[in-house]
Trainee: 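Take a look at this one; I'll ask things after.
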Amino acid sequence: MSLLDVVLEVVAVVGVLHLASVLVFVARDRLVDAPRTVRSTVHDARGPLVVLLVVLAVNGVVRRIGVELSWVVGANVTGVIYALEGTFVAAVQSYATPTATAYFAFVYVFGYVYLLTFPPIAYALRGDGGGLRKLLIAYGLNYGVGLVCYVLFVAYGPRNLMPELVDSLLFESWPRSQLLTSQVNENTNVFPSLHTSLAATVALVTWRERSWRRWTPIAVVLAASVVVSTMYLGIHWATDVVAGIALAAGSVVAAEWIESGRDRPAREDAGPPNDATDRDRPADTDDDRGRNEGRERHDGRASE
């Protein structure tokens with residue numbers, strides 16, 4: 001099997017998950033109006049989208065030379081991490097079962113891609129430009145800070161440092177996944193865990209938005225599964241996971257601060273709300289709530 005075959009397999013599985021999720025989480029009237037809604041929402045979020053694409057492009061270039069560069073300017077912190085937590089990951093793997101391994105391998109590859117790509121699609125379909133901008137800003141901050149850390153810190157994962165104690169469960173259970181992971185990962189780039197930080201970012205943004213209630217428990221459970229999978233599969237240390245969660249929290253707070261600064265002139269122009277009852281009235285459904293927020297933000301931008 002080639003790399004292209006693996007990529008197509010991931011695209012097919014994630015595509016099916018996207019289709020099912022759109023039917024469940026996006027109202028039918030939104031799908032009818034999708035071409036106009038998606039075009040206007042993506043246009044509204046074009047700034048953060050362009051920045052994210054630039055960060056990803058730089059990330060791809062630097063990662064190719066980053067290993068050699070990090071050995072010149074970075075510090076090897078593998079020993080420090082091992083001194084902090086010892087054989088914790090080996091203890092996690094002591095509970096491994098074939099069923100759990102299959103689940104966490106699926107989550108690490110397919111669930112992670114689905115978790116990161118479905119929310120932007122849903123925000124676009126729901127016309128929630130604010131949610132889309134906030135998520136894209138947070139993604140960009142995660143990748144940007146992670147890239148700097150990968151240059152400054154050399155860190156081998158537990159399966160590389162302790163092969164006699166920690167198994168590479170992902171590659172043992174699904175060997176062809178190595179064709180894909182070798183294209184985006186290096187053995188020395190484990191601190192912090194971007195799988196953890198990006199998954200936690202989706203969960204935090206969803207939780208704090210409070211406008212998409214049916215999706216929230218799914219995002220939280222899937223994000224938690226991704227976090228556990230990084231240690232269960234022997235890829236990351238618990239220290240990488242803690243750093244990833246901290247990176248996610250900082251990125252979400254920074255994204256909210258940036259987004260609030262963007263909306264502030266519109267709020268000042270609009271003045272105080274006229275009717276507290278209207279302001280506090282909840283939307284009837286998740287999609288109504290997202291649609292109302294999108295409409296309010298659209299009106300706010302139009303007044304600028």
Trainee: Of all heavy-atom pairs between V55 and G140, which one has the smallest distance, and what is that distance?
Mentor: CG1-O, 3.9 Å

Trainee: Could you state the interatomic distance from SG (C149) to CG (N189), rounded to the nearest 0.5 Å?
Mentor: 10.5 Å

Trainee: In Å, rounded to the nearest 0.5 Å, how long is the span from CG of L152 to CG of L147?
Mentor: 9.5 Å

Trainee: For T41, check side-chain contact (heavy atoms from CB on, under 4.5 Å) against everything at least two apart and list the hits.
Mentor: T37, L132

Trainee: Taking all atoms of both residues into account, what is the closest heavy-atom pair of V202 and P119, and its distance?
Mentor: CG1-CG, 3.8 Å

Trainee: Under the side chain to side chain donor-acceptor pair (under 3.5 Å) rule, collect the residues that match up with T87, sequence neighbours excluded.
Mentor: none

Trainee: Walk me through it: do V58 and Y143 pass the test side chain to side chain contact (heavy atoms under 4.5 Å, CB included)?
Mentor: CA-CA 10 Å; V58 173; Y143 279 113; over 6 Å; no

Trainee: Measure the spacing between CZ of R214 and OG of S21 and express it to the nearest 0.5 Å.
Mentor: 11.0 Å

Trainee: Would you tabulate the side-chain donor-acceptor contacts of residues 100-113 under 3.5 Å, counting partners in other chains and residues two or more places apart, or write 'none'?
Mentor:
from : atom 1 : to   : atom 2 : distance (Å)
T101 : OG1    : T97  : O      : 2.9
T101 : OG1    : Y232 : OH     : 2.8
Y103 : OH     : S225 : OG     : 2.7

Trainee: Please answer: with hydrophobic residues joined when any side-chain heavy atoms are less than 4.5 Å apart, are I121 and V16 in the same cluster?
Mentor: no

Trainee: Measuring from F25:CZ to F118:CZ, what's the distance to the nearest 0.5 Å?
Mentor: 6.0 Å

Trainee: I'd like to check the side chain to side chain donor-acceptor pair (under 3.5 Å) partners of E85; sequence neighbours left out, ordered by chain and number.
Mentor: T239

Trainee: For V253, enumerate each residue passing the side-chain contact (heavy atoms from CB on, under 4.5 Å) test, keeping only those at least two apart in sequence or located in another chain.
Mentor: none

Trainee: Sequence neighbours left out, what pairs pass side-chain hydrogen bond (donor to acceptor under 3.5 Å, both in side chains) with at least one residue falling in residues 158-168?
Mentor: none

Trainee: Can you list everything that forms a ring pair (Phe, Tyr, Trp, His ring centres under 6.0 Å) with Y139? Sequence neighbours excluded, please.
Mentor: none

Trainee: Evaluate the side-chain proximity of V14 to H18: yes if any heavy-atom separation is below 4.5 Å, no if none is.
Mentor: yes

Trainee: Would you indicate whether the side-chain heavy atoms of W71 and N76 approach each other to under 4.5 Å?
Mentor: yes

Trainee: Using side-chain heavy atoms (C-beta onward) and a distance below 4.5 Å, is T188 in contact with F153?
Mentor: no

Trainee: Under the side-chain contact (heavy atoms from CB on, under 4.5 Å) test, which residues partner A155, sequence neighbours left out?
Mentor: V77, T78, I81, V190, F191

Trainee: Any side-chain heavy-atom pair from R133 and L136 closer than 4.5 angstrom?
Mentor: no

Trainee: To the nearest 0.5 Å, what is the distance between OG (S193) and CG (L247)?
Mentor: 9.5 Å

Trainee: Can you check whether A138's main-chain N or O pairs, donor with acceptor, with N142's side chain at less than 3.5 Å?
Mentor: yes

Trainee: Output all residues satisfying side chain to side chain donor-acceptor pair (under 3.5 Å) with E256, sequence neighbours left out; order by chain, then residue number.
Mentor: R208

Trainee: What about V221 and M231, same hydrophobic cluster or not, with Ile/Leu/Val/Met/Phe/Trp/Tyr joined at side-chain heavy-atom distances under 4.5 Å?
Mentor: no

Trainee: Side chains of W237 and V242: closer than 4.5 Å at any heavy-atom pair?
Mentor: no

Trainee: Determine whether D128 and E209 make a side-chain contact, defined as any pair of heavy atoms from C-beta on separated by less than 4.5 Å.
Mentor: yes

Trainee: Should L194 and L56 be regarded as members of a common hydrophobic cluster, given that ILVMFWY residues are connected when their side-chain heavy atoms come within less than 4.5 Å of each other, either directly or indirectly?
Mentor: yes

Trainee: So L135 and P120, do their side chains get closer than 4.5 Å, heavy atoms only?
Mentor: yes

Trainee: Of all residues at least two apart in sequence or in a different chain, which pass the side-chain contact (heavy atoms from CB on, under 4.5 Å) check with V227?
Mentor: T196, V241

Trainee: Got a sec, which hydrophobics cluster with L4, joining ILVMFWY side chains under 4.5 Å apart, including via others?
Mentor: L8

Trainee: Is it possible for you to say whether L141 and W257 belong to one hydrophobic cluster, with membership spreading through side-chain heavy-atom contacts below 4.5 Å?
Mentor: yes

Trainee: Can you find a heavy atom in the side chain of I137 that is under 4.5 Å from one in the side chain of P48?
Mentor: yes

Trainee: With rounding to the nearest 0.5 angstrom, report the CD1 to CG distance, I245 to D240.
Mentor: 11.5 Å

Trainee: Using links of under 4.5 Å between side-chain heavy atoms of ILVMFWY residues, direct or through other members, which residues join V220 in one cluster?
Mentor: W207

Trainee: If two hydrophobic side chains count as joined below 4.5 Å and joins carry through other members, does V24 share a cluster with L125?
Mentor: yes

